[in-house]
Amino acid sequence: MSINDDDKPARKLAHEIGMDISMLSADELKARIALLEGEISRLNREITAKTSSRSAAESLFKN
């Protein structure tokens, strides 16, 4: 039985706020930053969509 890195299941890339990051490599930290930046972008898009919808509704009822 071979014990290669390729044989190990890949660690799921997830991040919890406040989790211990001291054992992560620089590459793992960069990957988490990319993951979090993607999530920030997704949240900002949702805020924009909700703000646009609300503004449209408010405009409709003001007239």
side-chain hydrogen bond (donor to acceptor under 3.5 Å, both in side chains) partners of Thr48, counting only residues at least two apart: none
Non-neighbouring partners of Ser52 that pass side-chain hydrogen bond (donor to acceptor under 3.5 Å, both in side chains), sequence neighbours left out: none
With sequence neighbours excluded, residues passing side-chain contact (heavy atoms from CB on, under 4.5 Å) with Leu29: Ile21, Leu24
For His15 against Leu36, the heavy-atom pair lying closest together: CD2-CD1, 3.9 Å
Check against side chain to side chain contact (heavy atoms under 4.5 Å, CB included), Met19 and Arg32: CA-CA 12 Å; Met19 70 183 292; Arg32 287 172 191 260; 3.4 Å; yes
Spatial distance of atom CD (Glu28) from atom CD1 (Ile33) [nearest 0.5 Å]: 12.5 Å
side-chain hydrogen bond (donor to acceptor under 3.5 Å, both in side chains) against Arg45, all qualifying residues, sequence neighbours excluded: none
With Glu46 via salt bridge (charged side-chain N to carboxylate O under 4.0 Å, His left out) - residues at least two apart: Lys50
Listed partners of Asp20 passing side-chain hydrogen bond (donor to acceptor under 3.5 Å, both in side chains), at least two apart: Ser22
